[in-house]
Amino acid sequence: MNDDVTTNNTVELATELTIAWLSNPNTRAASEDVPAFLQQMHQAVSNLTGTGAPESTEEPQAEYTPAVSVRKSLASKDHIISLIDGKPYKTLRRHLAGQGLTPDEYRQRYGLKADYPMVAENYSEARRDMAKKIGLGRKAGEKRTAAEPTGDAEAAPATRRGRKPAAATEA
């Protein structure tokens with residue numbers, strides 16, 4: 001019985017507030033807007049008195065269906081197929097940024113593990129090899145070891161302005 005009284009009180013209070021709002025000469029409202037305003041007022045009063053269901057501030061999470069399976073997205077070493085649109089990419093970071101997502105949000109949206117790659121395997125290896133070739137990853141002042149190829153061994157001997165090297169002319 002106490003709930004009935006409280007419900008009636010919230011309805012009456014919401015109605016009185018709506019009447020007060022409409023009686024204000026500065027308020028202009030169409031007749032079709034009044035029921036919606038009354039509902040909003042009732043919801044607000046119910047929330048304040050604790051009798052209504054609290055409004056959730058979070059939007060219900062939409063279910064996202066991947067464009068391809070996770071296994072198919074990683075099938076090729078040359079590219080990763082996006083679960084959003086099904087297109088192949090060497091790296092997903094720029095694509096995800098265009099969609100307004102971070103890699104963590106992408107993984108969470110599709111239920112992927114934390115170690116799901118964002119870069120294709122062959123592209124990653126090519127970038128790693130290029131970085132090693134130009135000397136990234138070494139400490140300052142550290143010399144190349146004999147185990148590290150310099151890349152000069154494969155190159156032909158240097159010539160000066162089209163002349164043959166000095167060792168070739170003596171033979």
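Computed from a predicted model, the values in this text were never measured in an experiment.
- At least one side-chain heavy atom of Tyr106 sits under 4.5 Å from a side-chain heavy atom of Leu83.
- Put simply, the side chain of Gln43 does not reach to within 4.5 Å of the side chain of Gln39, judged on heavy atoms.
- Leu38 and Leu17 are members of different hydrophobic clusters when ILVMFWY side chains are connected at heavy-atom separations under 4.5 Å.
- Residues Met118 and Pro103 share a closest heavy-atom pair of SD-CB, 3.9 Å.
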May I have the list of side-chain donor-acceptor pairs in residues 86-101 shorter than 3.5 Å, sequence neighbours left out?
{"unit_1": "Tyr89", "atom_1": "OH", "unit_2": "Asp85", "atom_2": "OD2", "d": "3.0"}
{"unit_1": "Tyr89", "atom_1": "OH", "unit_2": "His95", "atom_2": "ND1", "d": "3.2"}
{"unit_1": "His95", "atom_1": "NE2", "unit_2": "Ser82", "atom_2": "OG", "d": "2.9"}

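- Distance CG/Asn47 to NE2/His42: 10.0 Å, rounded to 0.5 Å.
- Follow the hydrophobic side-chain contacts under 4.5 Å out from Val68 and you reach Ile80 in the same cluster.
- With respect to the salt-bridge test (charged N to carboxylate O, under 4.0 angstrom), the residues Asp104 and Arg107 qualify.
- Checking side-chain atoms of Ser73 against main-chain N and O of Val70 turns up a donor-acceptor pair under 3.5 Å.
- Distance check, rounded to the nearest 0.5 Å: CE of Met41 to OG1 of Thr10 gives 12.5 Å.
- Taking the side chain as every heavy atom from C-beta outward, Tyr64 and Ile84 never approach each other to under 4.5 Å.
- Scanning for side-chain hydrogen bond (donor to acceptor under 3.5 Å, both in side chains) contacts around Arg127 gives Tyr123, with sequence neighbours left out.
- Shown are Val11, Thr18, Leu13; of these, the side-chain contact (heavy atoms from CB on, under 4.5 Å) with Thr15 is made only by Val11.
- Legend: residues meeting ring pair (Phe, Tyr, Trp, His ring centres under 6.0 Å) with Tyr116, ordered by chain and number and at least two apart, are absent.
- Interatomic distance, Arg109 CZ to Glu105 CD, rounded to the nearest 0.5 Å: 8.0 Å.
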